[in-house]
Amino acid sequence: MKIAVLGGAGYIGSHTVKELVGRGYEVAVIDNLQTGFIEAVHDGAEFIKGDIRDKEFLRSALIGAGFDAVIHFAACSLVGESVTNPMKYYNNNVGGAISLIEVMIEAGIDKIVFSSTAATYGEPERVPILEDDRTCPTNPYGETKLAMEKMFRWAGEAHGMRFVSLRYFNACGADESGDFGEAHNPESHLVPIILQVPNGKREAISIFGDDYDTKDGTCVRDYIHVTDLADAHTLAVEYLQKGGKSDIFNLGNGVGFTVREVIESARRVTGHAIPEVISPRRPGDPAKLIASSEKARRVLGWNPKHADLDEIVGSAWKWHKSHPEGYKK
Ligand code: UFG
């Protein structure tokens with residue numbers, strides 16, 4: 001099977017490419033390198049530089065190249081930035097998906113797996129969250145991902161495409177080799193920010209609110225290892241290849257950890273005291289997000305193998321310690 005991975009130079013994309021190449025698939029990475037890194041493109045994949053909103057470029061990359069499926073990671077993904085600059089998110093995420101669907105129809109590619117998010121749910125009505133629970137995003141990032149899901153659904157019904165939407169919870173960790181990992185600029189995610197302290201780049205970690213209705217007052221999240229996410233993408237593309245119907249799946253471990261518990265884990269893993277300070281709540285943060293991934297386990301046969309928090313944080317530490325500037329040499 002030949003697979004185009006859009007956004008394959010980014011965090012989750014690069015780990016998925018490694019998994020696909022390892023399983024013997026032919027892979028082409030398509031990325032504009034706006035937030036991705038050329039160093040993150042796996043040696044075993046072809047690389048095509050370009051922007052998916054540019055339909056002429058996309059036609060040249062996808063038509064007649066023999067692709068069986070697309071995996072689509074190429075989107076903006078910072079919640080805070082989406083609130084201050086919503087049109088960037090509509091333009092890139094929704095605009096990119098429109099261009100992609102149109103060119104996939106022209107190219108005759110009828111299968112797509114794409115990155116969605118827990119942010120499609122907004123403030124959950126209950127945890128663990130099920131795929132058919134209410135979707136009511138509280139930020140433009142979640143809105144654009146929900147709009148993309150709906151576009152893929154309607155385009156599928158009209159044009160016979162099938163899609164799998166994977167709603168990730170909190171992606172973290174890094175490849176066991178220590179060669180691929182998380183690198184955002186600016187960084188906003190909890191695990192890499194905590195690890196900036198033992199890496200000497202930050203004095204202390206700020207806890208955004210300690211007065212939530214949770215066991216220690218800090219927010220609860222479902223942290224899922226990026227390698228397990230990579231595995232889920234591969235299973236999803238294989239599911240479509242075998243004729244599976246369009247569907248949406250949550251990806252998480254089904255276990256919640258508080259911000260304090262993640263900091264404690266980083267202290268154990270790094271041996272550093274990691275001082276903490278209490279800061280105000282971050283606007284838009286739900287108290288608790290925990291996935292039910294029962295459906296992904298049952299339908300895709302997904303079985304996350306790296307659920308242990310210290311293992312997740314330890315893999316992230318291996319990457320950040322050896323790459324304090326990310327992919328920059
Ligand atoms: N946090 C801190 N201090 C920090 C950074 C984060 O206390 O310096 C807290 C946040 O308030 C939150 C938790 O750590 O309670 C996790 O925050 P992240 O920013 O790492 O992740 P989010 O849960 O906000 O975001 C994740 C995904 C998004 C997705 C969102 C859905 O990264 O892509 O869940 O709500 F949109």
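When a ligand or atom number is given, it counts from 1 through the structure's own listing order.
- From Asp210, atom CG reaches atom CD1 of Ile278 across 4.0 Å, with rounding to the nearest 0.5 Å.
- Remark: minimum distance from atom 9 (C) of ligand 1 to any protein heavy atom is reached at Val259 CG2, 3.8 Å.
- Looking at Tyr223, Tyr212, Phe208, Phe257 and measuring to atom 5 (C) of ligand 1, the nearest heavy atom belongs to Phe208.
- In summary, the atoms of ligand 1 found under 4.0 Å from a heavy atom of Ile205, numbered by their order in the structure, are 8 (O).
- Checked for salt-bridge contact, Lys305 and Asp231 meet the test: a charged N lies under 4.0 Å from a carboxylate O.
- Residue His189 has at least one heavy-atom neighbour below 4.0 Å for each of these atoms of ligand 1: 19 (O), 20 (O), 32 (O).
- What sits closest to atom 24 (O) of ligand 1 on the protein, heavy atoms only, is Arg282 NH2, 2.7 Å.
- Electrostatic pairing of Asp68 and Lys111 does not count as a salt bridge here, judged by no charged N lying under 4.0 Å from a carboxylate O.
- Interface atoms of ligand 1 facing Ile207, defined by a heavy-atom separation under 4.0 Å, are 7 (O).
- Here the protein heavy atom with the shortest distance to atom 11 (O) of ligand 1 is Asp285 OD2, 2.5 Å.
- The shortest non-hydrogen separation linking Ala296 to Leu251 is CB-CD2, 4.0 Å.
- For CD of Glu203, the number of neighbouring non-hydrogen atoms (other residues, nucleotides, ligands) closer than 6.0 Å is 12 at most.
- For Ala171, no heavy-atom contact with ligand 1 is shorter than 4.0 Å.
- Residue-level proximity to ligand 1 for Tyr168 is absent, since no heavy atom of it falls below 4.0 angstrom.
- Taking a cut-off of under 4.0 Å to the non-hydrogen atoms of Ser188, the atoms of ligand 1 that pass are 5 (C), 19 (O).
- With respect to the salt-bridge test (charged N to carboxylate O, under 4.0 angstrom), the residues Glu131 and Arg167 do not qualify.
- For ligand 1, the polar-atom distance check against Leu190 finds a nitrogen or oxygen pair separated by under 3.5 Å.
- Within 6.0 Å of NZ in Lys49 there are 12 or fewer heavy atoms belonging to other residues, nucleotides or ligands.
- Regarding atom 3 (N) of ligand 1, its nearest protein heavy-atom neighbour is Ser206 O, 2.8 Å.
- Residue-level proximity to ligand 1 for Ile193 is carried by the side chain, the only part with a heavy atom below 4.0 angstrom.
- In this structure, Arg134 is not positioned above the aromatic face of Tyr121 in the sense of NZ or CZ being under 6.0 Å from the six-membered ring centre and within 45° of the axis.
- Counting the atoms of ligand 1 from 1 in the order shown, those under 4.0 Å from a heavy atom of Ala119 are 31 (C), 36 (F).
- The side chain of Leu289, and not its backbone, has at least one atom closer than 4.0 Å to an atom of ligand 1 (non-hydrogen atoms only; side chain from C-beta on).
- Comparing Thr117, Val79, Asn170 against atom 22 (P) of ligand 1, the shortest heavy-atom distance belongs to Asn170.
- With respect to the salt-bridge test (charged N to carboxylate O, under 4.0 angstrom), the residues Asp285 and Arg221 qualify.
- Comparing heavy-atom distances from atom 23 (O) of ligand 1 across Arg221, His184, Glu123, Lys145 singles out Arg221 as nearest.
- At the top of the distance list for atom 15 (O) of ligand 1, counting protein heavy atoms only, stands Cys219 CB, 3.0 Å.
- The protein non-hydrogen atom at the shortest distance from atom 33 (O) of ligand 1 is Tyr141 CE2, 3.6 Å.
- Between Glu294 and Arg298 there is a salt bridge, since at least one side-chain N of the basic residue sits less than 4.0 Å from a carboxylate O of the acidic one.
- The side-chain heavy atoms of Val299 and Phe249, taken from C-beta on, include a pair separated by under 4.5 Å.
- Atom CD of Glu176 has 12 or fewer heavy atoms from other residues, nucleotides or ligands within 6.0 Å.
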